[in-house]
Amino acid sequence: MKKSLDIVKKVLGYISLGFSKLWYYLTHNFIIRFKDNHVILFSKINIKITRKRRAAFYGLLFIFPWIVGYIIFSFYPIINSLYLTLTRTFYNLNEGMQSEYIGFVNYVNIVRNQTILPIFIQYIGKMIIAVPLIIVFSLIIALLINQPIKGKGAWRTIFFLPVVIASGPILNELINQGATTLPSFDNNAAL
């Protein structure tokens, strides 16, 4: 038992020594050095560490994973989608997927198409009317819910009813399609 504790202490000693050497090399090199309340970059740029800068640094440090996730999962796909709208993609048996830059030809074809443009204009018209109405009524309901009045629970119930009502038709459609049944009951006649 004592021998295993000595081994663990020895391993932890090596690990802490390795981390201390790593920290020393990270903080005492040509690129970045720490001296008192200053950070020295490339032996030229001297930045004083203040409480405000330290708080900003830690704030950025905590938001950094979100920024990386946004760039990978949102920003890059949006930019790639916009690029793909400017190309004609086809499959070549020898070379695989090929893209040919054609510019705004796809957008011109959408405008020239007589069936898509009226639908798009109708959608924009509905959106111009619906979005401000939804925002105004949502703000009114939110203000009513947070007022210190009697019946606050009733207001919250009324606010939540559209979610319940909207889920009803979806649930009915799933039941009609048989998505909520268990196949084993139908096959084995358990009742």
Side-chain angles (χ1 to χ4, degrees), residues 1-113 116-117 120-121 123-124 126-128 130-143 145-146 159 163:
M1 181 73 172
K2 187 175 181 177
K3 189 174 185 178
S4 63
L5 285 175
D6 290 339
I7 293 172
V8 169
K9 286 182 182 178
K10 199 176 216 182
V11 169
L12 289 176
Y14 286 134
I15 291 172
S16 67
L17 180 66
F19 277 123
S20 64
K21 284 185 177 183
L22 177 67
W23 179 252
Y24 179 81
Y25 289 130
L26 287 176
T27 58
H28 294 83
N29 56 40
F30 172 72
I31 298 172
I32 185 170
R33 283 187 290 137
F34 294 96
K35 186 177 180 184
D36 297 331
N37 282 346
H38 295 275
V39 176
I40 302 168
L41 300 172
F42 300 106
S43 298
K44 302 280 184 201
I45 303 169
N46 191 358
I47 302 171
K48 185 176 180 184
I49 299 174
T50 62
R51 185 176 297 175
K52 192 174 186 179
R53 286 184 179 159
R54 187 177 294 122
F57 171 75
Y58 285 123
L60 289 173
L61 186 68
F62 279 104
I63 202 170
F64 183 73
W66 182 87
I67 292 171
V68 170
Y70 176 77
I71 289 170
I72 292 171
F73 296 115
S74 293
F75 188 70
Y76 172 73
I78 288 170
I79 297 301
N80 193 32
S81 296
L82 289 174
Y83 168 73
L84 289 175
T85 63
L86 302 173
T87 63
R88 183 176 67 92
T89 305
F90 55 93
Y91 186 77
N92 188 346
L93 290 175
N94 296 330
E95 299 175 17
M97 294 295 288
Q98 297 286 321
S99 293
E100 176 186 342
Y101 180 78
I102 58 172
F104 290 97
V105 173
N106 290 331
Y107 292 105
V108 171
N109 290 338
I110 288 173
V111 173
R112 286 184 185 163
N113 191 342
I116 294 176
L117 194 59
F120 182 70
I121 291 171
Y123 174 76
I124 294 294
K126 285 182 180 179
M127 188 176 65
I128 288 172
V131 170
L133 284 175
I134 290 170
I135 291 173
V136 167
F137 283 116
S138 298
L139 285 172
I140 290 171
I141 291 172
L143 289 171
I145 287 174
N146 290 319
F159 179 71
V163 176

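How far CD of Glu95 is from CG of Leu93: 10.5 Å, rounded to the nearest 0.5 Å. Expressed to the nearest 0.5 Å, how far NZ of Lys10 lies from OH of Tyr14 amounts to 5.0 Å. Thr87 contributes atom OG1, which lies 7.0 Å from atom CD1 of Ile102 (distance to the nearest 0.5 angstrom). Once rounded to the nearest 0.5 Å, the distance linking CG of Leu133 with OG of Ser138 reads 10.0 Å. For the atom pair OG of Ser16 and CZ of Phe19, the computed distance is 9.5 Å after rounding to the nearest 0.5 Å. For the atom pair CG of Asn80 and OG1 of Thr85, the computed distance is 10.0 Å after rounding to the nearest 0.5 Å.
Scored by the ring pair (Phe, Tyr, Trp, His ring centres under 6.0 Å) test, Tyr70 finds Trp66 as partners (sequence neighbours excluded). When the side chain to side chain contact (heavy atoms under 4.5 Å, CB included) test is applied to Ile78, the partners found at least two apart in sequence or on another chain are Leu82. A search for side chain to side chain contact (heavy atoms under 4.5 Å, CB included) contacts involving Tyr123 returns Met127, not counting sequence neighbours.
With hydrogens and angles ignored, the 3.5 Å screen pairs no side-chain donor or acceptor of Ser74 with any backbone N or O of Ile71.
Summarising the geometry of Ser99 relative to Thr89, their closest heavy-atom pair is OG-OG1, 3.6 Å, with the distance given to 0.1 Å. Closest heavy-atom contact between Asn106 and Leu84: ND2-O, 4.4 Å. Minimum heavy-atom separation, Arg53 to Lys48: NH1-O, 2.7 Å.
Looking only at side-chain heavy atoms (C-beta outward), Phe57 and Leu60 stay at 4.5 Å or farther from each other.
Remark: Phe90 CZ is packed, more than 12 non-hydrogen atoms of other residues, nucleotides or ligands lying under 6.0 Å away. For OH of Tyr107, the number of neighbouring non-hydrogen atoms (other residues, nucleotides, ligands) closer than 6.0 Å is greater than 12.
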